[in-house]
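Following: one structure in structure tokens, then a few remarks.
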Amino acid sequence: MRMRTTASALVLALAAATTAACGGGDSTSADGPKELTYWASNQGTSLDNDKAVLQPELDKFEKATGVKVKLEVVPWSDLLNRILAATTSGQGPDVLNIGNTWSASLQATGAFLPFDDANLEKVGGKSRFLGPSLAATGASGQPPVGVPLYGQAYGLYYNKKLFSDAGISAPPATWEELVADGKKLTDPQKGQWGLSLQAGQVTENSHHAAILGAQHGANFFTPDGKPQLASDPAVAAVQQFVDLMQKDKIVNPSNAEYADTAKSLKDLADGKAAMFMNQASAGSFKNIGADLTNIGVAPIPLPANPPANGRKVTSFVAGINLAVFKSTKNQQAALDFVKFMVSAPEQAQLNKTYGSLPTVQDAYGDPAFQTEDVKVFQAVLSTTAEPMPQVPQESQFETLIGTAMKTMFADVAAGRTVEAGKIKDQLAQADQQIAAGS
């Protein structure tokens with residue numbers, strides 16, 4: 001899941017939250033062929049790549065049902081703002097992909113069809129879905145705002161040759177080992193670094209804050225939804241992440257400008273970096289011509305001595321959900337399309353192509369999901385993944401904490417020190433901004 005969010009746009013949409021009049025599809029007559037519009041997120045190497053992947057599947061659906069699906073692939077940089085505009089303007093699609101971390105935020109607009117038990121039955125039933133993925137579909141106690149489409153989890157990719165050359169026989173099992181291995185694998189004179197980071201990407205920074213925050217025992221919101229980003233555990237987590245570049249010196253300072261996943265993937269494949277923490281990326285590695293036999297993956301390590309309230313979390317529940325606008329003119333056709341997209345054959349086909357994980361149990365019988373790498377990600381998603389905060393302000397959280405961390409990395413790259421007091425001040429400002437917009 002690749003996304004950038006804007007807090008101001010979210011606040012505007014939530015302030016204007018109403019039951020939106022949406023749904024771009026029209027039927028030519030009462031019993032004639034229907035048409036749906038579908039906004040897909042950019043999952044592949046380009047918008048054209050996604051069209052090439054998706055159109056044959058949409059053609060299958062049309063052949064089976066007589067319902068034509070008009071496809072638009074929307075870049076992540078535009079997707080949230082497009083969705084928010086549609087919730088208030090009434091000009092939007094029938095069915096769309098949403099980043100699952102936006103679920104509670106978009107749920108609060110009231111613009112989307114709730115997937116209550118009855119609607120879940122219409123798309124195959126609740127029990128088919130992986131529990132963690134279904135948990136990332138909206139606020140607890142409310143019907144989901146969509147259903148999981150593509151599953152994702154984070155892991156630690158590593159270059160096997162660099163590890164072997166350094167005499168390291170296995171990937172790090174603890175965070176302390178990650179840092180120690182990273183130092184052995186760092187040689188700036190050779191242009192080789194222990195770890196690559198997308199330190200210039202707001203969303204990626206926020207994701208790692210959430211993962212390490214959980215390991216430190218941080219909860220970024222109180223049970224009643226009040227922000228507490230500036231807690232001591234959260235500050236410690238952000239410090240730990242920034243220190244990979246600042247104190248441990250296993251990250252190239254130029255990574256402060258890395259906002260493109262492909263750069264870090266290529267650094268790993270080319271031997272310029274030994275490790276990279278990322279979502280399942282087999283498809284992307286193939287696309288850059290990487291030698292997959294030289295790329296291993298393991299869970300992101302936990303601390304050797306976790307804090308008393310630390311949680312055993314090595315990833316957040318990443319992925320993409322499929323949602324339906326409440327006022328679509330073709331609700332049944334929209335639900336039929338959702339059912340098609342989460343069917344076992346389509347789940348196997350699409351997730352195999354994109355290198356992501358099926359979100360339904362019955363798709364894992366496909367041999368493509370029996371590899372060692374997939375088993376690592378599947379185990380993480382099933383056992384050590386935690387949803388991002390399921391609160392309406394979640395998108396603001398991502399934007400504010402991720403932007404603050406981007407600035408911190410820029411400071412480190414420029415030779416300025418980022419210490420705990422400075423981090424706490426930045427996160428306290430984020431708390432105030434979120435509270436002001438609630």
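We number each residue from 1, following the sequence as shown. Worth knowing before you read on, the calculation uses all heavy atoms, side chains too, and leaves out hydrogens, waters and symmetry mates.
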[atom1] of [X]: more than 12 outside heavy atoms within 6.0 angstrom?
X: Glu177; atom1: CD; value: yes
X: Lys126; atom1: NZ; value: no
X: Lys424; atom1: NZ; value: yes
X: Asp59; atom1: CG; value: yes

Under 3.5 Å, is there a donor-acceptor pair linking the side chains of [X] and [Y]?
X: Gln347; Y: Thr359; answer: yes
X: Ser395; Y: Gln393; answer: no
X: Thr371; Y: Asp373; answer: no
X: Asn42; Y: Asp50; answer: yes
X: Tyr158; Y: Asp181; answer: no
X: Asp224; Y: Thr222; answer: yes
X: Gln349; Y: Tyr354; answer: no
X: Asn321; Y: Asn97; answer: no

Practice task
Specify whether Tyr154 and His208 have parallel, tilted or perpendicular ring planes, treating 30° as the upper limit for parallel and 60° as the lower limit for perpendicular.
Solution key: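 Perpendicular: the ring planes of Tyr154 and His208 meet at over 60°.
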
Exercise for the section: Kindly assign one of parallel, tilted or perpendicular to the pair His207 and Phe316, based on the angle between their ring planes and the thresholds 30° and 60°. Expected result: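 Tilted, since the angle between the ring planes falls between 30° and 60°.
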
[X] side chain near [Y] side chain, heavy-atom distance below 4.5 Å:
X: Leu58; Y: Gln55; result: yes
X: Val313; Y: Thr384; result: no
X: Leu130; Y: Leu381; result: yes
X: Met275; Y: Phe163; result: yes
X: Val324; Y: Asp94; result: no
X: Met341; Y: Leu350; result: yes
X: Thr186; Y: Asp248; result: no
X: Lys60; Y: Glu346; result: yes

Is a side-chain donor or acceptor of [X] paired with a backbone partner of [Y] at a separation under 3.5 angstrom?
X: Asp243; Y: Gln246; answer: no
X: Ser41; Y: Gln43; answer: no
X: Asn159; Y: Leu268; answer: yes
X: Thr87; Y: Leu84; answer: yes
X: Thr314; Y: Ile300; answer: no
X: Glu176; Y: Ala304; answer: yes
X: Ser382; Y: Ala379; answer: no
X: Thr399; Y: Gln396; answer: no
X: Thr403; Y: Leu400; answer: no

Looking at every heavy atom in both [X] and [Y], which two are closest together, and how far apart are they?
X: Asn49; Y: Gly44; result: OD1-CA, 3.2 Å
X: Ala413; Y: Pro253; result: CB-O, 3.5 Å
X: Ser281; Y: Leu265; result: CB-CD2, 4.0 Å

Contacts table for residues 137-151: side-chain donor-acceptor under 3.5 angstrom, sequence neighbours left out:
residue : atom : partner : partner atom : Å
Thr137  : OG1  : Leu134  : O            : 2.4

Practice task
Scan Val374, Asn278, Val376 and name whichever one has a side-chain contact (heavy atoms from CB on, under 4.5 Å) with Val297.
Solution key: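 Checked Val374, Asn278, Val376 against Val297; only one passes side-chain contact (heavy atoms from CB on, under 4.5 Å): Val376.
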
Between [X] and [Y], does at least one N-O distance fall below 4.0 Å, as a salt bridge requires?
X: Arg82; Y: Asp78; answer: no
X: Lys226; Y: Asp431; answer: no
X: Lys161; Y: Asp291; answer: no
X: Lys422; Y: Glu419; answer: no

Problem - Pair listing, ring pair (Phe, Tyr, Trp, His ring centres under 6.0 Å) test, anchored in residues 387-416, at least two apart - result: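 Residue pairs with at least one partner in residues 387-416: Phe220-Phe397, Phe241-Phe409.
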
Handout entry: For Asp267, side-chain contact (heavy atoms from CB on, under 4.5 Å) partners two or more places apart
Key =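 Ser196, Tyr258, Lys272, Ala273.
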
Handout entry: Aromatic ring proximity, centroids under 6.0 angstrom, Phe61 and Phe340
Key =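 Yes, the ring centres sit under 6.0 Å apart.
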
Exercise for the section: Could you please spell out the steps behind the side chain to side chain contact (heavy atoms under 4.5 Å, CB included) verdict for Gln152 and Val317? Expected result: CA-CA 7 Å; Gln152 274 288 15; Val317 180; over 6 Å; no

